[in-house]
Amino acid sequence: MVAVPLNSFQLPPGPRGYPVLGVLPSLRSDPIRTFLDAADRYGDIVHMKAGPYHGFLVCDPADIRHVLLDNARNYHKSPLYDRLRDTLGNGLLTSEDSFWLRQRRLAQPAFHRQRLTAMADAMVDCAQQTVERWEAVASRGETIDVVDEMMALTQAIIVRTMFSMDLGAAAEVVNRTWPIINRRIGETFWATKLETTLPLPANRRFWRALQELDGVVYRIIAERRRSGRESADLLSMFLSARDEETGSGMTDRQLRDEVMTMLLAGHETTSLALSWTYYLLSQHPEAEERIRSEVDRVIGSGRPSFVHLDRLTYTRQVIEESLRLYPPAWGFSRRALGGDEIGGYHVAKGSLVFVIPFVIHRRRTLFPDPERFDPGRFAPDQEAARPRFAYIPFGGGPRGCIGNQFAMIEAQLIVAAIAQRYRLTVLRDEKVRPEPLITLRPKPGFRARVEKQTAGAAL
Ligand code: HEM
């Protein structure tokens with residue numbers, strides 16, 4: 001980082017944009033290009049006026065650490081999360097301060113190592129069900145929609161591990177309504193409140209979808225209450241929580257917000273991580289081959305489990321490289337509660353700070369030849385040589401992802417379970433590009449042929 005004398009009157013360099021609107025039009029039409037260009041052109045800290053806000057794009061790992069960890073108390077989630085709040089309410093991802101801290105402490109035990117070991121088993125059950133179902137697909141020479149399949153699989157896993165149930169027919173409701181909701185949130189990130197409250201057809205579709213999804217979430221809660229079943233899962237932890245002063249439990253609305261948050265945050269991102277991994281593997285057959293031989297060596301034809309994870313090192317590195325190139329949570333932002341100093345510049349109270357993993361993971365100084373797919377970047381010596389906060393697919397600091405380890409375990413086990421039986425050959429009829437909604441989706445999606453592994457192919 002270049003030391004710049006603190007100057008409260010001088011803003012960091014950045015694109016000027018339009019009068020009043022600043023760079024808002026380009027952020028609305030192509031946020032990733034806007035952020036990438038800004039970082040390429042102006043460096044590690046960039047000023048961008050976005051409508052009424054002063055925004056700071058921060059790309060230096062030390063500055064990111066400052067915002068996410070060292071001075072995290074000075075930051076709340078930015079108003080861009082308001083759109084997410086319309087759907088998730090005031091759950092773990094969107095709440096703040098002491099309320100957030102209480103909920104985080106309540107949820108944390110559900111992610112302890114001991115629990116993760118047990119959950120790995122459920123993950124493998126679900127993966128094997130998918131793999132079994134593909135048997136018919138493979139023998140008929142048919143194809144699968146990779147994103148849909150990964151979405152359905154990770155959704156089954158989150159419901160099973162966090163709420164100890166199967167959604168049954170309601171899974172269809174989640175699969176149908178969530179894409180509508182996700183798209184609307186992504187489209188309205190930069191919209192005014194008015195644009196999101198007018199009874200426009202797109203808003204009506206969003207409200208209807210949300211109402212249906214709400215129905216599923218309230219049913220999950222009601223079913224557990226009715227059964228009175230005690231379980232060591234997240235839902236039980238929330239249901240049995242009591243306020244220290246009043247002794248009262250969480251309200252149905254609060255439970256709804258937490259269940260909705262976990263349901264959505266817990267499956268969408270991981271399914272995209274897996275989808276991008278298969279997209280990259282289709283372009284790098286040598287990496288796919290290495291995964292197969294690693295899985296063959298470590299697990300053979302046995303059942304994948306928690307104990308294999310440490311030795312599935314290359315599989316893990318491929319997933320990490322996929323999260324670098326296509327981070328599902330491609331960007332997030334904060335609002336400064338008070339004035340601060342970042343990278344030698346004064347950041348006024350109320351400013352927005354943008355932390356964009358998609359951009360940071362492509363900084364040449366941190367990842368040489370950044371567009372090249374190279375899982376070797378995650379070999380221990382290379383990782384150790386990089387500053388902390390250079391690689392942040394799961395964010396960092398107190399608001400970092402609670403499901404980080406869960407997701408990595410899940411992705412490794414799924415890739416292993418698939419590699420034991422099949423090779424996914426991606427069909428390339430259309431050019432796939434990343435679409436930045438709340439998460440980074442492959443547009444227009446892609447299909448793959450499911451081909452059975454031939455015996456000995458992995459040797
Ligand atoms: C590859 C998969 C995943 C990615 C890339 C990812 C990414 C992230 C990121 C970047 C954040 C921080 C957002 C911010 O700072 O504004 C976050 C927070 C969060 N994630 Fe994940 N996540 C993944 C999987 C999961 C899973 C599996 C779960 C649950 C089982 C989960 C639950 C959450 C929750 C509840 C938060 C909010 C935490 C808090 O503020 O206390 N995520 N995730």
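Counting starts at 1 for both ligands and their atoms, following the listed order.
Pairing each heavy atom of I185 with each of R83, the nearest pair is CG2-CB, 3.8 Å.
With sequence neighbours excluded, the residues forming a side chain to side chain donor-acceptor pair (under 3.5 Å) with R253 are D257, listed by chain and number.
Within ligand 1, counting atoms from 1 as listed, the ones closer than 4.0 Å to a heavy atom of P393 are 5 (C), 7 (C), 10 (C). Applying the 4.0 Å criterion to heavy atoms of M262 picks out, from ligand 1, the atoms 29 (C), 35 (C). Heavy-atom contacts of F111 reach the following atoms of ligand 1: 30 (C) (cutoff under 4.0 Å). Each of the atoms 39 (C), 40 (O), 41 (O) of ligand 1 lies under 4.0 Å from some heavy atom of W100. Listed by number with element, the atoms of ligand 1 under 4.0 Å from a non-hydrogen atom of I158 are 30 (C).
Salt bridge annotation for R303-D121: present, with a cationic side-chain nitrogen under 4.0 angstrom from a carboxylate oxygen.
Side-chain atoms of N175 come within 3.5 Å of backbone N or O of A171 as a donor-acceptor pair. Remark: the backbone N or O of R324 is paired with a side-chain donor or acceptor of H361 at under 3.5 angstrom.
Looking at D97 and H76, their side chains do bring a donor and an acceptor atom within 3.5 Å of each other. With no hydrogens or angles considered, a side-chain donor-acceptor pair links S236 and R224 at under 3.5 Å.
Protein heavy atom at the shortest distance from atom 16 (O) of ligand 1 is Y81 OH, 2.5 Å. When only non-hydrogen protein atoms are considered, atom 27 (C) of ligand 1 lies nearest to F406 CD2, 3.4 Å. Atom 12 (C) of ligand 1 has its closest protein heavy atom at R399 O, 3.6 Å. Closest to atom 39 (C) of ligand 1, if we only count protein heavy atoms, is R104 NH1, 3.3 Å. Given atom 13 (C) of ligand 1, the protein heavy atom at minimum distance is K77 NZ, 4.1 Å.
Using cut-offs of 30° and 60° for the angle between ring planes, the F367 and F378 rings count as tilted.
Between F358 and F35, the gap from one ring centroid to the other reaches at least 6.0 Å.
Of all protein N/O/S atoms, those under 2.8 Å from atom 21 (Fe) of ligand 1 are C401 SG, and waters are not counted.
Residue-to-ligand polar distances place L92 within reach of ligand 1: an N/O pair is separated by less than 3.5 Å.
Here the CG-OG distance, from L11 to S351, works out to 8.5 Å after rounding to the nearest 0.5 Å.
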Taking only distance into account, with no hydrogens and no angle test, what donor-acceptor pairs under 3.5 Å do side-chain atoms of residues 48-56 form with protein atoms, sequence neighbours excluded?
unit_1: K49; atom_1: NZ; unit_2: G51; atom_2: O; d: 2.9
unit_1: H54; atom_1: ND1; unit_2: H47; atom_2: NE2; d: 2.7

Can I get a per-line list of side-chain donor-acceptor pairs under 3.5 Å for residues 392-399, giving both atom names and the distance, sequence neighbours left out?
unit_1: R399; atom_1: NH1; unit_2: S95; atom_2: O; d: 2.9
unit_1: R399; atom_1: NH1; unit_2: E96; atom_2: OE1; d: 3.3
unit_1: R399; atom_1: NH2; unit_2: L92; atom_2: O; d: 2.8
unit_1: R399; atom_1: NH2; unit_2: L93; atom_2: O; d: 3.4
unit_1: R399; atom_1: NH2; unit_2: S95; atom_2: O; d: 3.1

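Remark: distances from the non-hydrogen atoms of R334 to ligand 1 include one below 4.0 Å.
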